[in-house]
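Sequence positions, counted from 1, serve as the residue numbers for this chain. The basis for the numbers below is simple: all heavy atoms, side chains too, and nothing from hydrogens, waters or symmetry mates. As the structure lists them, so they are numbered: ligands from 1, and atoms in each ligand from 1.
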Amino acid sequence: TCTAPVNIAVIKYWGKRDTDLILPINSSLSVTLHQDQLKTTTTAAASRDFTEDRLWLNGKEEDVGHPRVQACLREVRRLARKRRGGGEDTAALSLSYKIHIASENNFPTAAGLASSAAGYACLVSALARLYGVEEELSEVARRGSGSACRSMFGGFVQWQRGERPDGTDSLALQVAPETHWPELRILVLVVSGEKKPVGSTAGMQTSVETSPLLKHRAEVVVPERLAQMMKHIQERNFEGFGQLAMRDSNQFHATCLDTFPPIFYLTDLSRHIIALAHRYNAHHGHTKVAYTFDAGPNAVIFALADTVAEFVEVVRRSFPPATNGDQFVRGLPVGSAVLSQELVAAVVTEPLPGAVQYILHTKPGPGPQLVDDPSQHLLGADGLP
Ligand code: DP6
């Protein structure tokens with residue numbers, strides 16, 4: 001049994017040069033979120049008594065034949081075979097046994113938080129553990145979902161695009177550990193009642209085929225930004241980090257509009273949140289909060305710890321909770337803040353009640369973890385959930 005984290009990109013991955021191997025057109029960079037707030041847990045078991053491969057996601061049986069699940073399984077088994085040098089190690093688990101896999105998220109999938117990255121990173125970690133594989137595994141996780149390779153490490157992680165056609169150099173690397181920037185915090189603004197938009201896999205393919213802006217972004221913009229972003233992270237420069245994260249999110253969404261037919265992930269509410277962040281920063285005269293949006297409606301906000309209480313209060317005033325406000329703030333504790341009249345006047349314009357369901361407060365965290373405690377296994381002694 002293993003657990004694995006969610007990650008959020010500050011230099012976005014959007015577009016593949018090889019859809020089968022999942023090789024990206026540009027490198028990307030992300031922050032791994034702490035598993036105390038968001039994680040996937042996966043148990044994998046093999047037995048000569050199992051008659052078929054089976055998979056359960058959040059308690060519901062799913063198709064184990066999914067090509068991406070199969071790709072991960074095949075690659076981990078290939079590494080195991082290589083490690084055993086072809087000879088039959090009798091102590092090692094037989095690679096021919098059928099397997100059972102059960103996986104669960106500790107956050108509602110309906111919340112629209114990207115779960116495929118944590119899910120595939122966790123699947124690969126659990127399978128590697130089962131077969132005793134210790135090799136570089138981000139290359140395998142990448143075959144499940146591109147962004148999953150970045151969830152194989154904690155802290156700040158780069159997925160380098162690589163050059164080789166076989167993908168052996170398209171890997172994730174840790175840029176800095178989760179302890180590197182202790183003041184950094186993340187607020188996920190989970191928004192209400194949005195339907196599922198176009199998925200990333202289909203969306204990015206249309207973008208690759210039709211958007212000249214995406215081509216320019218991958219060839220010219222991202223290489224420059226990646227170097228700048230690494231420097232901002234090394235120097236713990238929030239001004240630089242935040243500005244660039246916002247610009248990169250905006251450019252990703254610009255490539256979506258440049259896709260034909262266009263794709264819209266940002267909504268009116270996203271635009272409200274963007275405008276709010278800019279008013280807040282303008283009021284303070286520097287970058288105190290930075291937003292980023294992926295292929296879904298939730299806003300992710302970066303801030304330093306000393307800004308969180310005030311900004312959360314600004315969000316509460318701007319999007320008053322629909323019910324009694326209980327559980328509006330979840331995750332790490334948030335202190336209380338009193339807003340000055342000038343701040344309210346400058347930043348809080350026409351409130352939108354109920355638009356933000358809740359705020360999840362978290363911070364950077366470590367990569368996949370091994371779970372020893374048997375009470376946390378998701379499969380029983382009979383191999384069933
Ligand atoms: C907008 O990793 O979900 O979140 O490789 O097809 O599985 P596939 O796509 P996926 O795409 C993530 C896109 C993004 C940006 C990012 O995480 O870098």
Would one find an N or O of [X], backbone or side chain, under 3.5 Å from an N or O of ligand 1?
{"X": "R68", "value": "yes"}
{"X": "A295", "value": "no"}
{"X": "W14", "value": "no"}

* Structure fact -> Honestly, for S28 the part within reach of ligand 1 (heavy atoms, under 4.0 Å) is neither
* Is it the side chain (CB and beyond), the backbone, both or neither of I8 that lies under 4.0 Å from ligand 1, heavy atoms counted? ->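 Contact part for I8 vs ligand 1: neither.
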* Asked: Checking R143 side chain against V140 main chain: does a donor-acceptor pair fall under 3.5 Å?
  -> no
* Identified side chain to side chain contact (heavy atoms under 4.5 Å, CB included) counterpart of L33 within the set N7, V300, L38, L360 ->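 Output: one option passes, namely L38.
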* Partner of L226 by side chain to side chain contact (heavy atoms under 4.5 Å, CB included), out of R161, K231, Q158 ->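 Only match with L226 under side chain to side chain contact (heavy atoms under 4.5 Å, CB included): Q158.
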Element-labelled atoms of ligand 1 that are located less than 4.0 Å from some non-hydrogen atom of [X]:
{"X": "I22", "answer": "5 (O)"}
{"X": "M204", "answer": "9 (O), 11 (O)"}
{"X": "A9", "answer": "16 (C), 17 (O), 18 (O)"}
{"X": "K16", "answer": "5 (O), 6 (O), 8 (P)"}
{"X": "F252", "answer": "1 (C)"}
{"X": "G146", "answer": "2 (O), 5 (O), 7 (O), 8 (P)"}

* Asked: Do F293 and Y265 have ring centres separated by under 6.0 Å?
  ->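 Aromatic pair excluded; centres sit 6.0 Å or further apart.
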* Structure fact -> Among S116, P24, C149, S147, closest by heavy atom to atom 2 (O) of ligand 1 is S147
* Asked: Hey, which of T292, N26, D248, T255 is the one that makes side-chain hydrogen bond (donor to acceptor under 3.5 Å, both in side chains) with K12?
  -> T292
* Mind checking whether F241 and F238 have parallel, tilted or perpendicular rings, split at 30° and 60°? ->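 Tilted: the ring planes of F241 and F238 meet at 30° to 60°.
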* Structure fact -> Of all heavy-atom pairs linking D258 and S211, the shortest is OD2-OG, 2.7 Å
* **Basic-acidic side-chain contact under 4.0 Å: E219, R217** =>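 Here E219 does not pair with R217 in a salt bridge, since their nearest N and O are not under 4.0 Å apart.
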